[in-house]
Amino acid sequence: MTALRQVLGNSWEFTIEGAHLEIRHRHWGSPYAPPRRPPSWAELLRTLEDAFADRGVPRDACIPLRWGRETELAVSAVQALDPLLKHGRPVTYRSGFLPQPVVRFTGERDRDGGLLDGYLTSFVNVSRVQPIQGIDEYAGVLDDWLYVLSRLGFHARHISLYGELRTWQRRQVAGVTLMFRHLDLTLGDIVLLWNVENPRRMAVDLGTGLERLAWARTHQNWTTSCSGPWPERPRVPPWTPSGRPRCYSATASHPRREAPVASPGGCLARLGLRLWGLG
């Protein structure tokens with residue numbers, strides 16, 4: 001806690017109730033205005049990379065999509081820390097800023113099984129993962145992240161952190177998690193991690209989603225933010241000039257509807273492929 005107070009300074013207020021911690025800027029909650037022109041995915045990613053580089057955090061290569069270690073597919077950039085955290089070895093697969101495409105079949109859903117706004121089965125995990133020597137470095141990572149968020153157009157007065165000051169443990173790994181949000185939207189978390197048998201093997205995992213950052217920045221509809229608006233279809237008469245009924249191609253969900261035009265949000269899928277070096 002002392003390290004966080006020293007890094008954040010007097011502009012931030014700390015509230016502790018039992019084990020629950022809340023950190024807010026003194027001027028938290030002032031009006032927020034989204035940008036007039038939403039940034040493209042490429043612009044967002046480039047700004048992230050440049051901002052991390054300004055803080056001395058280089059971008060590292062993505063871990064493979066076919067992971068094959070405990071999970072078949074890559075589900076999180078933190079898997080790059082497995083040798084350090086799970087086996088106590090002083091090495092990692094990756095370290096630094098990782099814009100990591102991942103595949104997850106979890107997420108909050110509605111009664112019909114549809115994913116709620118803010119959740120996807122595949123997305124770009126924006127992460128900073130690295131070994132650290134102590135809590136001071138963990139606090140420094142948070143300070144760097146506030147700088148990165150400011151470069152994206154977020155202001156500190158709209159950012160808050162919260163979490164439980166309790167240690168959790170999952171097999172070989174223990175940790176403490178703080179979540180961060182923009183206004184009332186949770187963006188991600190910053191996690192202090194260590195190997196249970198060798199607590200000196202410590203690391204930090206800061207993670208959010210590229211799509212969620214764009215959603216928070218623009219305040220657009222979630223579907224529009226992720227996939228872009230559908231192009232307006234030209235109005236086509238139901239009959240051909242010869243008087244015959246016009247044919248429509250079938251789709252799996254709408255057997256008699258015209259096949260949809262590819263959404264501009266497809267560029268996000270292409271971005272993920274490029275990050276893996278496949279596109």
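Looking at Ser30 and His158, their side chains come closer than 4.5 Å, going by heavy atoms from C-beta outward. The shortest distance between side-chain heavy atoms of Val196 and Val173 does not fall below 4.5 Å. At least one side-chain heavy atom of Trp145 sits less than 4.5 Å from a side-chain heavy atom of Val148. Looking at heavy atoms from C-beta onward, Leu183 lies out of side-chain contact with Ile159 at the 4.5 angstrom threshold. Residues Val103 and Thr121 form no side-chain contact, since every pair of their non-hydrogen atoms from C-beta on lies 4.5 Å or further apart. Residues Ser160 and Trp28 are in side-chain contact: their nearest non-hydrogen atoms beyond the backbone lie under 4.5 Å apart. Residues Leu48 and Arg59 are not in side-chain contact: their nearest non-hydrogen atoms beyond the backbone lie 4.5 Å or more apart. Between Val129 and Val204 the shortest side-chain heavy-atom distance does not fall below 4.5 Å.
Shortest non-hydrogen contact noted between Pro38 and Gln220 is CG-NE2, 3.6 Å. Residue Ile63 comes nearest to Ser76 through the heavy atom pair CD1-O, 3.7 Å, listed as atom of the first residue, atom of the second, then distance. Taking every heavy atom of both residues into account, Gln100 and Ala77 meet most closely at CB-CB, 4.0 Å. Across every non-hydrogen atom of Pro99 and Cys62, the tightest pair is O-SG, 3.3 Å. Of all the heavy atoms in Thr186 and Arg212, the pair that sits closest is O-NH1, 2.7 Å. Heavy atoms only, all atoms of each residue included: Tyr138 and Val191 are closest at CE1-C, 3.7 Å.
Here the CZ atom belonging to Phe105 is positioned 10.5 Å from the CG atom belonging to Leu115, to the nearest 0.5 angstrom. The line from CG of Asp82 to OG1 of Thr92 is 10.5 Å long, rounded to the nearest 0.5 Å. To the nearest 0.5 Å, the span separating CZ on Arg46 from CG on Leu44 amounts to 10.0 Å. Atom CG in Leu142 sits 5.5 Å away from atom CG in Leu8 (nearest 0.5 Å). One distance of note links OG of Ser127 with CG of Leu210; it measures 11.0 Å at 0.5 Å rounding. Put simply, CG on Leu84 and CZ on Arg200 are 12.0 Å apart, with the number rounded to the nearest 0.5 Å.
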Practice task
Could you check Glu49 against Arg151 for salt bridge (charged side-chain N to carboxylate O under 4.0 Å, His left out), going step by step and ending with a plain yes or no?
Solution key: CA-CA 11 Å; Glu49 183 173 358; Arg151 288 284 303 274; over 6 Å; no
Step by step, would you call Leu4 with Leu178 a side chain to side chain contact (heavy atoms under 4.5 Å, CB included)? CA-CA 12 Å; Leu4 290 174; Leu178 286 181; 4.1 Å; yes
Open item on the list: One pair to check against side chain to side chain contact (heavy atoms under 4.5 Å, CB included): Arg55 and Asp143. What are the steps and the verdict?
Closed with: CA-CA 10 Å; Arg55 305 294 281 195; Asp143 188 43; 3.2 Å; yes
Query raised in the report: Would Arg5 and Glu13 satisfy salt bridge (charged side-chain N to carboxylate O under 4.0 Å, His left out), going step by step from the backbone distance to the final call?
Result: CA-CA 9 Å; Arg5 289 183 185 274; Glu13 297 177 336; over 6 Å; no
Using the rule given for side chain to side chain contact (heavy atoms under 4.5 Å, CB included), can you reason through Tyr147 versus Leu149, listing the C-alpha separation, both sets of side-chain angles and the distance that settles it, and then say yes or no? CA-CA 5 Å; Tyr147 170 80; Leu149 288 175; over 6 Å; no
Q. For Leu116 and Glu108, what are the C-alpha separation, side-chain angles and deciding distance, and is it a side chain to side chain contact (heavy atoms under 4.5 Å, CB included)?
A. CA-CA 6 Å; Leu116 297 178; Glu108 295 186 20; 3.8 Å; yes
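Of the possible polar contacts, none joining the Ser225 side chain to the Trp222 backbone as a donor-acceptor pair under 3.5 Å is found. At least one donor-acceptor pair under 3.5 Å links the side chain of Asn221 to the backbone N or O of Thr223. Using a distance-only test at 3.5 Å, with no hydrogens or angles considered, a donor-acceptor pair links the side chain of Arg201 to the main chain of Gly88. Side-chain atoms of Asn195 never come within 3.5 Å of backbone atoms of Pro199 as a donor-acceptor pair (strictly under, hydrogens ignored). Judged purely by atom type and a 3.5 angstrom limit, Gln130 has no side-chain atom pairing as donor or acceptor with the backbone of Ala203. Not one N or O on the side chain of Arg104 forms a donor-acceptor pair closer than 3.5 Å with the backbone of Leu120. Judged purely by atom type and a 3.5 angstrom limit, His87 has no side-chain atom pairing as donor or acceptor with the backbone of Arg89. No side-chain donor-acceptor contact under 3.5 Å links Gln6 to the backbone of Ala3. At least one donor-acceptor pair under 3.5 Å links the side chain of Glu137 to the backbone N or O of Gln133. Asp144 places no side-chain N or O within donor-acceptor distance of the main-chain N or O of Phe52, the cut-off being under 3.5 Å.
Criterion: ILVMFWY side-chain heavy atoms under 4.5 Å apart, direct or through other members. Under it, Phe154 and Leu185 are part of a common hydrophobic cluster. Note on Trp194 and Val78: separate hydrophobic clusters, where clusters join Ile, Leu, Val, Met, Phe, Trp and Tyr whose side-chain heavy atoms are under 4.5 Å apart, directly or indirectly. Cluster membership check: Val57 does not share its hydrophobic cluster with Leu98, using side-chain heavy-atom separations under 4.5 Å among Ile, Leu, Val, Met, Phe, Trp and Tyr. A single hydrophobic cluster is not seen to contain both Leu192 and Met179; linkage of ILVMFWY side chains at heavy-atom distances under 4.5 Å, directly or through other members, places them apart. Cluster annotation: Trp12 and Ile16 are assigned to the same hydrophobic cluster (Ile/Leu/Val/Met/Phe/Trp/Tyr, side-chain heavy-atom contacts under 4.5 Å, transitive).
For the pair Arg69 and Tyr93, the cation sits on the ring face: its NZ or CZ lies under 6.0 Å from the ring centre, inside 45° of the axis. Cation-pi geometry between Arg128 and Phe97 is not met: the NZ or CZ atom fails to fall both under 6.0 Å from the ring centre and inside 45° of the normal. Figure legend: cation-pi geometry between Arg217 and Trp215 absent, as NZ or CZ is not positioned both under 6.0 Å from the six-membered ring centre and within 45° of its axis.
At a cut-off of 3.5 Å, with distance as the only test, no side-chain donor of Ser11 or Arg26 sits close to an acceptor on the other residue. In this structure, a donor-acceptor pair under 3.5 Å is absent between the side chains of Glu22 and Tyr162. In summary, the side chains of Gln79 and Thr71 do present a donor paired with an acceptor at a separation below 3.5 Å, with no hydrogens or angles considered.
Note on Lys86 versus Glu197: no salt bridge recorded, every NZ/NE/NH1/NH2 to OD/OE distance being 4.0 Å or above.
A centroid separation of 6.0 Å or more is found between the aromatic rings of His155 and Tyr32.
Around CG of Asp184, the count of heavy atoms belonging to other residues, nucleotides or ligands within 6.0 Å does not exceed 12.
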